[in-house]
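In what follows, a structure is listed as structure tokens, so that the remarks can point back to it.
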Amino acid sequence: MTETRLRFPPSPTGYLHIGGARTALYNWLYAKQTGGKLILRIEDTDTDRSNQESIQGILDGLEWLGIDFDEGPYFQTDFSEEHIAAAQKLLNEELAYKCFCTKEELDSKREAALAAKKPLGYDRTCRNLSATEIADKEKAGIPYVIRFKVPERTGVIGYDDKILGRIESDYKEIDDFVIVRSNGKPLYLLCNVVDDIRDKISHIIRGQDHMTNSIKQVLLYEALQAPLPVFAHMPLTLDTKKAKISKRSHGEIVSVQFYRDHGFIPWALNNFLALLGWSDGDDKEIFSKKELIEKFSLERINKSSSIFNYRKNDPKFFTDPKAISINEHYLRTMEISELGEMVRAELEDENLWDKAYDNDKKEWYLNTLELIRNRFHTLTDFATLGRAYFADDFKVEEKPLKKNVLKHEGLIGWLPVLADRYEQLEQFNLEETERVVREYADELEIKPGILINGMRTVVTGQLAGPSMFDILVSIGQERVVSRLRDVAKLYPE
RNA sequence: GGCCCCAUCGUCUAGUGGUCUAGGACACCGGCCUCUCACGCCGGGAACAGGGGUUCGAGUCCCCUUGGGGUCACCA
């Protein structure tokens with residue numbers, strides 16, 4: 001078998017969204033699995049809508065996800081001569097024709113057809129123009145587009161889809177589609193095929209929204225006398241109302257950037273995306289990169305579209321709960337040193353990074369992450385919920401403040417006493433810190449929990465967290481003492 | 001509207017005629033653990049869209065209905 005060659009051809013009209021990312025991922029997985037190549041091709045022929053910022057956004061998004069490509073990025077506009085030549089060839093061979101109908105005429109015909117509930121296709125007015133008629137119109141300077149001449153055959157044309165099976169269409173259902181605009185610029189349907197032929201693309205994995213395009217493109221492959229690639233149309237990703245997700249209607253929640261900004265681990269997002277429309281036959285859901293490359297298969301991709309279950313304005317889940325849960329899984333099971341690097345970026349962004357975390361305090365840094373990672377959902381939590389471990393200017397949350405501190409007025413006096421006793425400790429370790437608290441609680445004849453939970457809030461600002469004594473040891477004697485002493489400032493005047 | 005695709009718990013899904021009183025994951029609820037909250041562990045509720053066939057037997061095959069989606073641009 002010859003080398004598999006895949007491609008991901010985004011149009012740079014906005015950021016990379018999760019649908020696009022998933023398409024890129026599937027292509028990437030298949031290329032990796034078969035030892036083939038993945039080509040990135042920026043389809044920028046729509047100069048009105050394409051922009052540099054989008055190109056950068058797509059590149060950044062793919063890089064962040066770790067989806068690398070073997071060739072490219074190529075830019076479709078760099079090959080416009082080839083596209084034009086192909087159109088000319090089709091014209092010369094009478095496989096295409098010039099159409100002088102104006103856009104206005106077409107639009108009104110379409111509207112009329114829609115109103116009359118008739119098929120909307122082009123009525124082929126210009127298909128049988130004589131040579132003299134064409135010459136006359138050209139002489140008169142009437143602009144024209146070039147349309148592909150759908151063969152006059154009976155029966156059906158189709159392709160074998162790796163996911164959907166045989167897809168066919170009756171010839172008479174296919175429109176004489178436009179391949180070159182009146183300004184001389186070739187259109188997607190043509191460019192895409194010409195590029196795929198040149199790039200020797202063997203497999204086209206793309207969304208089901210391209211299903212009807214593929215039929216037309218099969219015709220183009222035939223007209224251009226090129227071998228057909230394998231098609232695989234993946235299910236679409238819908239929103240909770242079953243509408244196709246799009247940048248325009250869903251905004252940043254569907255952008256890859258959003259997940260980077262909200263502290264997702266890149267591979268966790270890939271893992272989630274892979275599961276949206278694919279599963280191995282087993283119950284396994286967490287896949288390492290290597291495992292996924294091995295197990296992935298086109299045949300096991302679902303036919304039906306899936307819903308991206310994000311929840312807007314949900315205080316607990318800012319996106320699909322499953323995505324978050326997969327992220328949590330990686331957060332708490334990944335190699336701690338690897339996590340350390342990711343958290344480092346978060347801390348640096350918040351000016352919480354201490355160079356010593358990379359040498360003298362490295363052990364402390366990694367141990368602390370190990371201590372707190374279980375309760376966190378995203379990378380950003382380390383700099384927000386975990387701020388007290390890395391800085392003194394953390395915020396004390398209102399709820400625990402009321403529940404664990406203000407409710408017990410005695411704490412305003414007790415915690416400073418505890419601070420004194422802690423300051424005296426020669427061994428500031430788990431056993432000693434616990435012994436001191438429990439003894440003091442006995443003296444006061446109160447439940448140790450009152451002191452412990454009060455301390456948790458004063459020392460970390462949080463309602464919940466790891467074992468209190470682990471926290472104390474991690475934060476350290478000096479900082480603990482000073483935070484406990486300052487408890488009074490948490491009480492209103 | 002024409003054409004095309006699809007249809008199992010709330011969501012992602014397993015299921016390729018008998019092993020399905022339908023399995024797993026997330027989410028939800030309850031319990032255990034406990035200095036808090038998580039994690040973890042244990043348990044619970046929750047689905048074959050409807051109707052006809054075919055068959056000894058149908059979630060699985062066929063047909064119809066319904067529902068959803070895609071597409072019908074001088075966008076990609």
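A quick note: this is a predicted structure, and the numbers were derived from the prediction, not measured. Just so it is clear: chains get the letters A, B, ... in the order the sequence lines come, proteins before strands, and each one is counted from 1.
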Distance between the C1' atoms of B:A49 and B:G69, in whole angstroms? 16 Å
Between CD of A:Glu346 and OG1 of A:Thr384, what distance do you get to the nearest 0.5 Å? 9.0 Å
With RNA chain B as reference, determine whether A:Ile167 or A:Arg22 sits nearer its 5' end, using the nearest nucleotide of each. A:Ile167
Using the P atom in both, what is the distance from B:G53 to B:A58, to the nearest Å? 12 Å
Inter- and intrachain pairs under salt bridge (Lys or Arg N to Asp or Glu O under 4.0 Å), touching residues 372-382 of chain A, at least two apart: A:Glu370-A:Arg373
Expressed in angstrom and rounded to an integer, what is the separation of A:Asn302 atom CG from B:A7 atom P? 8 Å
At under 4.0 Å between heavy atoms, what does A:Glu173 touch on the DNA or RNA strands: base, sugar-phosphate, or nothing? sugar-phosphate
Contact class for A:Phe317 vs. all strands (heavy atom < 4.0 Å): base, sugar-phosphate, or nothing? sugar-phosphate
In whole angstrom, give the distance that lies between atom NZ of A:Lys303 and atom C1' of B:U16. 11 Å
Flag if over 12 foreign heavy atoms under 6.0 Å of CD, A:Glu152: no
Given the P atoms of B:C32 and B:C37, what is the spacing between them in whole Å? 13 Å
Treat primed atoms plus P, OP1 and OP2 as sugar-phosphate and everything else as base, then score nucleotides 68-76 of chain B 5' to 3': B for base contact with protein heavy atoms under 4.0 Å, S for sugar-phosphate contact only, - for none. SSSSBSBBB
G-U wobble or Watson-Crick pairing nucleotide for B:A14 (cut-off 3.5 Å, both distances): none
For B:G1, the nucleotide meeting Watson-Crick or G-U wobble distances (both under 3.5 Å) is B:C72
Per-nt protein contacts along nucleotides 58-65 of chain B (heavy atom under 4.0 Å; B base, S backbone sugar-phosphate only, - none) come out as --------
Does the pair A:Phe428 and A:Tyr422 meet the rule for a ring pair (Phe, Tyr, Trp, His ring centres under 6.0 Å), with working shown? CA-CA 8 Å; A:Phe428 196 75; A:Tyr422 274 162; 5.5 Å; yes
Base, sugar-phosphate, or nothing: which does A:Lys316 touch, judged by heavy atoms less than 4.0 Å apart? sugar-phosphate
Measure from NZ or CZ of A:Arg311 to the centre of the six-membered ring of A:Phe318, then state whether that distance is under 6.0 Å and the direction lies within 45° of the axis. no
Starting at NZ of A:Lys322 and ending at P of B:C26, how long is that distance when rounded to a whole Å? 7 Å
Sticking with atom P, work out how far B:U71 lies from B:U55, rounded to a whole angstrom. 41 Å
Tell me which donor-acceptor pairs under 3.5 Å the side chains of residues 454-468 of chain A have, and how far apart each pair is, sequence neighbours excluded?
{"from": "A:Arg456", "atom 1": "NH1", "to": "A:Pro466", "atom 2": "O", "distance (Å)": "2.7"}
{"from": "A:Arg456", "atom 1": "NH2", "to": "A:Asn453", "atom 2": "OD1", "distance (Å)": "3.4"}
{"from": "A:Thr457", "atom 1": "OG1", "to": "A:Asn404", "atom 2": "ND2", "distance (Å)": "3.2"}
{"from": "A:Thr457", "atom 1": "OG1", "to": "A:Asn453", "atom 2": "O", "distance (Å)": "3.3"}
{"from": "A:Thr457", "atom 1": "OG1", "to": "A:Gln462", "atom 2": "O", "distance (Å)": "3.4"}
{"from": "A:Thr460", "atom 1": "OG1", "to": "A:Arg456", "atom 2": "O", "distance (Å)": "2.6"}
{"from": "A:Thr460", "atom 1": "OG1", "to": "A:Gln462", "atom 2": "N", "distance (Å)": "3.2"}
{"from": "A:Gln462", "atom 1": "NE2", "to": "A:Glu397", "atom 2": "OE2", "distance (Å)": "3.4"}

Base paired to B:C28 (Watson-Crick or G-U; both N/O distances under 3.5 angstrom): B:G44
Does OP1 or OP2 of B:G15 have a side-chain N or O of A:Arg300 closer than 4.0 Å? yes
Rounded to whole angstrom units, what separation is found between the CG atom of A:Asp314 and the P atom of B:U11? 16 Å
Under 4.5 Å between any side-chain heavy atoms of A:Ile67 and A:Asn270, yes or no? yes
Within the 4.0 Å heavy-atom criterion, would you say A:Gly277 contacts the bases, only the backbone, or no part of the nucleic acid? sugar-phosphate
Could you give the distance separating B:A46 and B:C29 at their C1' atoms, to the nearest angstrom? 11 Å
Distance to the ring centre below 6.0 angstrom and angle to the axis at most 45 degrees; does that hold for A:Arg22 and A:Tyr26? yes
Would you kindly give the CD1-to-P distance between A:Ile301 and B:C6, to the nearest whole Å? 14 Å
Thinking salt bridges, do A:Lys284 and A:Asp282 make one under a 4.0 Å N-O criterion? no
Using the P atom on both, measure B:U36 against B:C42 and round to a whole Å. 22 Å
What is the separation between atom CG on A:Leu276 and atom C1' on B:C6, rounded to the nearest whole Å? 16 Å
Of A:Phe308 and A:Lys284, whose nearest nucleotide on RNA chain B comes first from the 5' end? A:Phe308
What interatomic distance, in whole Å, is found between C1' of B:G67 and the corresponding atom of B:C48? 15 Å
Both distances below 3.5 Å, Watson-Crick or wobble geometry, any strand: find the nucleotide opposite B:U66. B:A7
Just checking A:Arg41: base, sugar-phosphate only, or nothing, at a heavy-atom cut-off of under 4.0 Å? nothing
Starting at CG of A:Asn309 and ending at P of B:A25, how long is that distance when rounded to a whole Å? 18 Å
Whether A:Lys322 and A:Glu285 form a salt bridge (side-chain N of Lys/Arg under 4.0 Å from carboxylate O of Asp/Glu) is what I want to check. yes
Taking atom P in both B:C6 and B:C64, what distance in whole Å separates the two? 14 Å
A:Asp176 (side chain) donor-acceptor with A:Val150 (main chain) under 3.5 angstrom: yes
Please tell me which of the listed nucleotides, B:A14, B:A27, B:C5, lies nearest to the side chain of A:Leu164? B:C5
Could you go step by step and tell me if A:Glu43 and A:Arg49 meet the salt bridge (Lys or Arg N to Asp or Glu O under 4.0 Å) rule? CA-CA 11 Å; A:Glu43 307 223 317; A:Arg49 297 197 305 151; over 6 Å; no
Under 30°, 30 to 60°, or over 60°: which ring-plane class applies to A:Phe296 and A:Trp278, parallel, tilted or perpendicular? tilted
May I have all residue pairs that pass ring pair (Phe, Tyr, Trp, His ring centres under 6.0 Å) and include part of residues 142-172 of chain A, sequence neighbours excluded? A:Phe100-A:Tyr144, A:Phe148-A:Phe177, A:Tyr159-A:Phe231, A:Tyr159-A:His233
Sugar-phosphate means primed atoms, P, OP1 and OP2; the rest is base. With that split, encode nucleotides 30-49 of chain B 5' to 3' as B, S or - using protein heavy atoms under 4.0 Å. -----BBBBS----------
Could you tell me how far apart A:Ile286 (CD1) and B:U13 (P) are, to the nearest whole angstrom? 15 Å
